[in-house]
Participant: 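Take this structure first; my questions come after.
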Amino acid sequence: MFDSQDELLRRIHTDLMDGYDEELEMEMEDRVDEPQDAEALMQHKAARQQYFRELFRLQAELVKLQDWVVATGHKVVIVFEGRDAAGKGGVIKRITQRLNPRVCRVAALPAPNDRERTQWYFQRYAAHLPAAGEMVLFDRSWYNRAGVERVMGFCSDEQYEEFFRSVPEFEKMLVRSGIQLIKYWFSISDEEQHLRFLGRIHDPLKQWKLSPMDLESRRRWELYTKAKEVMLERTHIPESPWWVVQADDKKKARLNCIHHLLEQMPYGEVERATITLPERVRHEGYRRHQVPGEIYVPQVY
């Protein structure tokens, strides 16, 4: 199949590098014009190299964490909350980037439908909780009621107060059942959110991220601030405390959040059995049938 062992190793290396290139392309969503000054350009490139080096190291640790979660049957829920454009999706993407989606999955629930509005408030979230050996990342969570629903008037005062009576007990029940609950709030400044919204408006690849609700959140900045302060004060409990991530710098926020997440669990490296690739069995009578040419995808590139 390959002319030499060196050729085989070269092909494996090339394939690995292609994979890394695709992952590096993800960072293009943070693209900015590179500085023109030579010294500033060197500093910019050095900072990017340091970021990627640390990101890859932390992602390798996340793989170890995943193996430990599976081996021990640990159950983990991680809640990501914060203002629109605060960077929740970016850190979730980097956490899950190298992990098995059957082990580490994301729950990003849409607005409740008519039936769900008549259910117990936590019911649709409970359906996404992990079984043994699973991690679930909530991209927004039951805290919608303390934030957007409160600010936008989607819930009554009675529902709002009932939420604060219920949520500590709900989370204590989760913890008692063996689920480790970790809650992150991504904090950004008024100026930084303004810049990120402008970036989305002028970037055709990001415009889909802007919803009417996002735009309205700019006008109601102070109301969201008040709602956040009340939420943190009334739901910061010993069983599931809040952790605030300073997120004006996207890349630092990702690294700091992942580093902190890893520190929350006493994971260790799980020994894997040595893997030996078996030789393919070949049969003399086997003949591969010709695939009709018309069903091939045209090679445009």
Side-chain angles (χ1 to χ4, degrees), residues 24-37 40-41 43-45 47-48 50-52 54-55 78-95 106 108-111 137-141 143-155 160 183-233 235-236 242-260:
L24 291 173
E25 288 294 330
M26 290 177 62
E27 301 301 325
M28 290 301 290
E29 70 177 40
D30 303 321
R31 58 193 179 279
V32 294
D33 292 333
E34 291 188 345
Q36 299 301 314
D37 178 73
L41 180 60
Q43 293 176 351
H44 174 74
K45 289 184 176 179
R48 282 181 62 81
Q50 182 181 7
Y51 165 73
F52 284 118
E54 193 62 16
L55 177 64
I78 310 168
V79 167
F80 293 89
E81 293 288 346
R83 295 183 188 272
D84 297 311
K88 302 178 295 296
V91 73
I92 290 171
K93 190 183 298 181
R94 273 69 184 185
I95 290 172
V106 179
L109 277 60
L137 282 57
F138 278 92
D139 186 354
R140 295 199 181 278
S141 65
Y143 283 100
N144 275 339
R145 175 138 295 176
V148 63
E149 290 190 19
R150 175 62 171 176
V151 173
M152 301 302 296
F154 295 155
C155 67
Y160 180 66
K183 302 185 300 194
Y184 289 113
W185 174 269
F186 277 68
S187 178
I188 57 171
S189 64
D190 186 357
E191 295 79 7
E192 182 63 23
Q193 188 192 53
H194 179 69
L195 288 172
R196 292 183 188 180
F197 275 5
L198 288 178
R200 291 181 177 184
I201 288 172
H202 295 289
D203 187 343
L205 299 181
K206 291 184 178 181
Q207 285 177 2
W208 65 270
K209 291 185 176 184
L210 277 177
S211 69
M213 207 73 66
D214 296 335
L215 298 175
E216 183 63 22
S217 71
R218 280 299 298 161
R219 194 171 68 84
R220 306 194 189 199
W221 173 275
E222 293 179 2
L223 291 176
Y224 271 100
T225 298
K226 182 179 179 180
K228 175 205 71 174
E229 292 169 349
V230 172
M231 182 193 77
L232 294 181
E233 179 183 354
T235 61
H236 181 74
W242 279 102
W243 299 99
V244 177
V245 180
Q246 297 291 346
D248 274 3
D249 187 314
K250 287 182 180 180
K251 290 182 169 60
K252 288 182 180 179
R254 293 167 191 163
L255 298 180
N256 288 330
C257 183
I258 297 173
H259 181 271
H260 182 269

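In what follows, residues are counted from 1 in the order of the sequence shown.
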Participant: Side chain to side chain contact (heavy atoms under 4.5 Å, CB included), that's the test. Do Tyr143 and Glu149 meet it? Break it down for me.
Facilitator: CA-CA 9 Å; Tyr143 283 100; Glu149 290 190 19; over 6 Å; no

Participant: Closest heavy-atom contact between Ala247 and Ile188?
Facilitator: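 For Ala247 versus Ile188, the nearest heavy atoms are O-CG2, 3.5 Å.
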
Participant: Please say whether more than 12 non-hydrogen atoms of neighbouring residues, nucleotides or ligands are located less than 6.0 Å from CD in Gln207.
Facilitator: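 Correct, the count exceeds 12.
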
Participant: Measure across Trp242 and Thr235 and return the closest heavy-atom pair with its distance rounded to 0.1 Å.
Facilitator: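 Scanning both residues, the minimum pair turns out to be NE1-OG1, 2.8 Å.
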
Participant: Please tell me whether Asp214 and Ser211 have a donor and an acceptor in their side chains that are separated by less than 3.5 angstrom.
Facilitator: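 Their side chains do contain a donor-acceptor pair, which is all the 3.5 Å distance test asks for.
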
Participant: For Ser189 and Asp248, which heavy atoms make the closest approach, and how far apart are they?
Facilitator: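 Minimum heavy-atom contact is N-OD1, 2.9 Å.
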
Participant: Donor-acceptor check, side chain of Asp139 to backbone of Val106, threshold 3.5 angstrom: yes or no?
Facilitator: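 Between the backbone of Val106 and the side chain of Asp139 there is no qualifying donor-acceptor contact (under 3.5 Å).
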
Participant: What distance do His236 atom NE2 and Lys183 atom NZ have between them, rounded to the nearest 0.5 Å?
Facilitator: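 Spacing of NE2 (His236) from NZ (Lys183) equals 8.5 Å.
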
Participant: Does NE2 in His194 sit with more than 12 non-hydrogen atoms of other residues, nucleotides or ligands closer than 6.0 Å?
Facilitator: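 No, NE2 of His194 has 12 or fewer neighbouring heavy atoms, counting only those of other groups under 6.0 Å.
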
Participant: Give the ring-plane orientation class for Phe186 versus Phe80, where under 30° counts as parallel, over 60° as perpendicular and anything between as tilted.
Facilitator: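 Plane angle between 30° and 60°, so tilted.
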
Participant: Among all residues two or more places apart in sequence or in another chain, which pass the salt bridge (Lys or Arg N to Asp or Glu O under 4.0 Å) test with Arg140?
Facilitator: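 For Arg140, the residues satisfying salt bridge (Lys or Arg N to Asp or Glu O under 4.0 Å) (neighbours in sequence not counted) are Glu81, Asp84.
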
Participant: Do you know the tightest heavy-atom contact between Arg220 and Val151?
Facilitator: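 For Arg220 and Val151, the tightest heavy-atom pair comes out as NH1-O, 2.9 Å.
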
Participant: Once rounded to the nearest 0.5 Å, what's the spacing between atom CZ of Arg83 and atom OG1 of Thr225?
Facilitator: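 Answer rounded to 0.5 Å: 3.5 Å.
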
Participant: Which heavy atom of Tyr160 sits nearest a heavy atom of Ala146, and at what distance?
Facilitator: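 Distance-wise, the nearest heavy atoms are CE1-CA, 4.1 Å.
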
Participant: So does Gly199 get a backbone contact from the side chain of Asp203, meaning a donor-acceptor N/O pair under 3.5 Å?
Facilitator: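 Not at all, since once roles are kept as given, no pair shorter than 3.5 Å links the two residues.
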
Participant: Are the side chain of Arg94 and the backbone of Leu55 linked by a donor-acceptor contact shorter than 3.5 Å?
Facilitator: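 Between the backbone of Leu55 and the side chain of Arg94 there is no qualifying donor-acceptor contact (under 3.5 Å).
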
Participant: For Lys228 and Gly82, indicate whether the former's side chain and the latter's backbone hold a donor-acceptor pair under 3.5 Å.
Facilitator: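 Side chain of Lys228 to backbone of Gly82, a donor-acceptor pair under 3.5 Å: no, none is there.
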
Participant: Show your working on side chain to side chain contact (heavy atoms under 4.5 Å, CB included) between Asp190 and Arg218 and close with a plain yes or no.
Facilitator: CA-CA 9 Å; Asp190 186 357; Arg218 280 299 298 161; 2.7 Å; yes

Participant: Would you give the length of the straight line joining atom NZ of Lys251 to atom CG of Asn256, rounded to the nearest 0.5 angstrom?
Facilitator: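 Separation between the atoms: 13.5 Å.
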
Participant: Would you say Gln50 has more than 12 foreign heavy atoms packed within less than 6.0 Å of its CD?
Facilitator: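 It does not: Gln50 CD has 12 such atoms or fewer within range.
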
Participant: Give, for atom CG of Leu232 and atom CH2 of Trp185, the distance between the pair rounded to the nearest 0.5 Å.
Facilitator: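 So the CG of Leu232 and the CH2 of Trp185 are separated by 6.5 Å.
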
Participant: Are Glu229 and Lys226 ion-paired here, with the side-chain N under 4.0 Å from a carboxylate O?
Facilitator: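 Answer for the salt bridge query: no.
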
Participant: Hey, could you give me the CZ/CZ distance between Arg145 and Phe154, rounded to the nearest 0.5 Å?
Facilitator: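 Here the rounded value is 11.5 Å.
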
Participant: Look only at the side chain of Arg196 and the backbone of Ala85, and say whether a donor-acceptor pair between them is shorter than 3.5 Å.
Facilitator: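 Looks like yes, one N/O pair under 3.5 Å.
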
Participant: Please round to the nearest 0.5 Å and tell me the distance separating atom NZ of Lys206 and atom CH2 of Trp208.
Facilitator: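 Separation between the atoms: 10.5 Å.
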
